[in-house]
Amino acid sequence: FSNNRFTYMRSFERYKGSFRTLLFCDVSNNDIQQDASVLLENIPPNIKQFVASNNQITGSLPASLNDLPQLRQFNLSSNALSGELPKFAESILSLQELDL
(Lines give C-alpha, C1' and ligand atoms only; values in the text may rest on other atoms or scores of the structure.)
Protein backbone atom coordinates (compact mmCIF):
# COMPACT_ATOMS: atom_id res chain seq x y z
CA PHE A 1 0.00 0.00 0.00
CA SER A 2 2.98 2.32 -0.30
CA ASN A 3 3.17 5.32 -2.63
CA ASN A 4 -0.51 6.21 -2.67
CA ARG A 5 -2.61 8.98 -1.18
CA PHE A 6 -4.13 7.20 1.80
CA THR A 7 -4.96 9.60 4.63
CA TYR A 8 -6.16 7.13 7.27
CA MET A 9 -5.38 3.58 8.30
CA ARG A 10 -7.87 1.53 10.25
CA SER A 11 -6.67 -0.06 13.45
CA PHE A 12 -5.63 -3.69 13.19
CA GLU A 13 -8.57 -5.85 14.21
CA ARG A 14 -7.91 -8.85 16.40
CA TYR A 15 -10.77 -10.92 15.04
CA LYS A 16 -9.66 -10.80 11.40
CA GLY A 17 -7.91 -13.89 10.05
CA SER A 18 -4.91 -11.86 8.95
CA PHE A 19 -4.28 -10.63 12.48
CA ARG A 20 -2.01 -13.58 13.28
CA THR A 21 -0.60 -14.11 9.78
CA LEU A 22 0.32 -10.55 8.71
CA LEU A 23 4.13 -10.33 8.74
CA PHE A 24 4.88 -7.26 6.59
CA CYS A 25 3.03 -3.95 6.41
CA ASP A 26 4.28 -1.05 4.26
CA VAL A 27 2.16 2.09 4.10
CA SER A 28 5.05 4.46 3.42
CA ASN A 29 4.81 7.51 1.18
CA ASN A 30 1.15 8.25 1.74
CA ASP A 31 -0.59 11.09 3.56
CA ILE A 32 -1.65 9.24 6.71
CA GLN A 33 -2.61 11.78 9.37
CA GLN A 34 -3.07 9.85 12.60
CA ASP A 35 -1.70 9.61 16.10
CA ALA A 36 0.93 6.89 16.38
CA SER A 37 -0.68 5.29 19.42
CA VAL A 38 -3.98 4.90 17.54
CA LEU A 39 -2.31 3.70 14.36
CA LEU A 40 -0.30 1.05 16.20
CA GLU A 41 -3.11 -0.11 18.47
CA ASN A 42 -3.57 -3.87 18.22
CA ILE A 43 -0.64 -4.29 15.85
CA PRO A 44 -0.38 -8.01 15.00
CA PRO A 45 1.91 -9.84 17.45
CA ASN A 46 3.78 -11.75 14.72
CA ILE A 47 4.64 -8.75 12.56
CA LYS A 48 8.25 -8.65 11.36
CA GLN A 49 8.31 -5.41 9.36
CA PHE A 50 6.26 -2.26 9.81
CA VAL A 51 7.07 0.68 7.55
CA ALA A 52 5.07 3.90 7.63
CA SER A 53 7.70 6.46 6.71
CA ASN A 54 6.96 9.70 4.88
CA ASN A 55 3.48 10.34 6.22
CA GLN A 56 2.06 12.83 8.73
CA ILE A 57 1.89 10.56 11.77
CA THR A 58 1.99 12.47 15.06
CA GLY A 59 2.26 11.79 18.77
CA SER A 60 4.34 9.32 20.71
CA LEU A 61 4.98 5.63 20.25
CA PRO A 62 2.96 3.30 22.49
CA ALA A 63 4.58 1.03 25.07
CA SER A 64 2.69 -1.89 23.49
CA LEU A 65 5.52 -2.14 20.96
CA ASN A 66 7.25 -4.22 23.66
CA ASP A 67 4.82 -7.02 22.77
CA LEU A 68 6.28 -7.62 19.29
CA PRO A 69 8.98 -10.25 19.83
CA GLN A 70 9.52 -10.94 16.10
CA LEU A 71 9.81 -7.33 14.94
CA ARG A 72 12.92 -6.91 12.77
CA GLN A 73 12.28 -3.60 10.99
CA PHE A 74 10.36 -0.61 12.32
CA ASN A 75 10.41 2.56 10.24
CA LEU A 76 8.39 5.67 11.02
CA SER A 77 10.93 8.16 9.70
CA SER A 78 9.88 11.48 8.16
CA ASN A 79 6.77 11.92 10.29
CA ALA A 80 5.98 14.29 13.17
CA LEU A 81 6.57 12.02 16.18
CA SER A 82 7.14 13.47 19.64
CA GLY A 83 7.70 12.33 23.21
CA GLU A 84 10.10 9.76 24.61
CA LEU A 85 11.38 6.69 22.85
CA PRO A 86 9.81 3.64 24.53
CA LYS A 87 12.07 0.91 25.87
CA PHE A 88 10.94 -1.47 23.13
CA ALA A 89 14.13 -0.68 21.25
CA GLU A 90 16.06 -2.29 24.10
CA SER A 91 13.76 -5.24 24.76
CA ILE A 92 13.13 -6.67 21.28
CA LEU A 93 16.14 -8.83 20.54
CA SER A 94 15.12 -9.47 16.93
CA LEU A 95 15.08 -5.74 16.03
CA GLN A 96 17.62 -5.13 13.25
CA GLU A 97 16.49 -1.77 11.90
CA LEU A 98 14.93 1.12 13.78
CA ASP A 99 14.41 4.32 11.80
CA LEU A 100 12.48 7.13 13.42
Side-chain angles (χ1 to χ4, degrees):
F1 296 109
S2 62
N3 299 303
N4 287 288
R5 293 186 180 155
F6 296 123
T7 58
Y8 179 82
M9 184 174 158
R10 290 189 67 169
S11 176
F12 295 100
E13 298 180 22
R14 291 181 184 268
Y15 62 87
K16 295 277 186 176
S18 63
F19 182 73
R20 294 243 179 249
T21 58
L22 182 66
L23 300 177
F24 307 99
C25 181
D26 185 349
V27 291
S28 60
N29 301 306
N30 280 287
D31 194 24
I32 297 172
Q33 302 171 26
Q34 282 178 267
D35 187 271
S37 61
V38 174
L39 179 69
L40 298 169
E41 183 178 23
N42 297 326
I43 192 167
N46 297 327
I47 197 140
K48 293 182 178 185
Q49 290 181 329
F50 184 81
V51 181
S53 57
N54 298 306
N55 283 286
Q56 295 183 39
I57 299 168
T58 59
S60 59
L61 298 174
S64 61
L65 293 175
N66 286 324
D67 301 328
L68 304 173
Q70 297 182 43
L71 188 64
R72 291 190 311 220
Q73 178 187 18
F74 187 76
N75 186 336
L76 281 177
S77 63
S78 299
N79 282 290
L81 298 174
S82 60
E84 293 183 23
L85 182 64
K87 293 186 179 191
F88 82 95
E90 300 169 2
S91 64
I92 300 176
L93 299 177
S94 62
L95 193 62
Q96 296 173 357
E97 180 182 331
L98 174 64
D99 193 350
L100 300 173

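Hydrogens, waters and symmetry mates play no part in the numbers below; they use all other heavy atoms, side chains included. Bear in mind that the values here come from a model prediction, so they are computed numbers and not experimental data.
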Before giving the answer on side-chain contact (heavy atoms from CB on, under 4.5 Å), spell out for Leu76 and Leu40 the whole-Å C-alpha distance, their side-chain angles and the decisive distance to 0.1 Å.
CA-CA 11 Å; Leu76 281 177; Leu40 298 169; 4.3 Å; yes
Tell me whether Gln56 contacts the main-chain N or O of Ala80 through its side chain, where contact means a donor paired with an acceptor under 3.5 Å.
no
Under the side-chain contact (heavy atoms from CB on, under 4.5 Å) criterion, do Arg5 and Asp31 qualify, and how do the steps go?
CA-CA 6 Å; Arg5 293 186 180 155; Asp31 194 24; 5.6 Å; no
Asn30 side chain vs Phe1 backbone, donor-acceptor pair below 3.5 Å
yes
Hphob cluster co-occupancy, Phe6 + Val38, side-chain heavy atoms under 4.5 angstrom:
no
Asn54 and Asn29: side-chain donor and acceptor closer than 3.5 Å?
yes
Which label fits Phe74 and Phe50: parallel for a plane angle under 30°, tilted from 30 to 60°, or perpendicular past 60°?
parallel
Distance from Leu65 atom CG to Ile43 atom CD1, nearest 0.5 Å?
6.5 Å
Can you find a heavy atom in the side chain of Val27 that is under 4.5 Å from one in the side chain of Met9?
yes
Decide yes or no for Gln34 and Tyr8: does some side-chain heavy atom of the first lie under 4.5 Å from some side-chain heavy atom of the second?
yes
Looking only at heavy atoms, which two atoms of Gly83 and Ser60 are closest? And how far apart?
CA-CB, 4.3 Å
Is it the case that the side chain of Asp35 and the backbone of Ser37 share a donor-acceptor pair, with hydrogens and angles ignored and the cut-off at 3.5 Å?
yes
Side-chain touch Leu68/Ile47, heavy atoms, less than 4.5 angstrom:
yes
Side-chain touch Ser94/Gln73, heavy atoms, less than 4.5 angstrom
no
Asn75 CG to Asp26 CG distance, which is reported to the nearest 0.5 Å
8.5 Å
Backbone of Ser64 reached by a side-chain donor or acceptor of Asn66 within 3.5 Å:
no
Cluster overlap Leu39 with Leu100, hydrophobic side-chain contacts below 4.5 Å
yes
Just so I know, are the side chains of Phe24 and Arg72 near enough to count as touching, which here means a heavy-atom distance under 4.5 Å?
yes
In this structure, would Leu81 and Val51 fall into the same cluster of hydrophobic residues linked by side-chain contacts under 4.5 Å?
no
With a 4.5 Å cut-off on side-chain heavy atoms, are Leu23 and Gln49 touching?
no
Determine the minimum heavy-atom distance between Pro69 and Ile92, stating which atoms define it.
O-CG2, 4.1 Å
Is the side chain of Asn79 donor-acceptor paired with the backbone N or O of Ile57 at a distance under 3.5 Å, no angle test?
yes
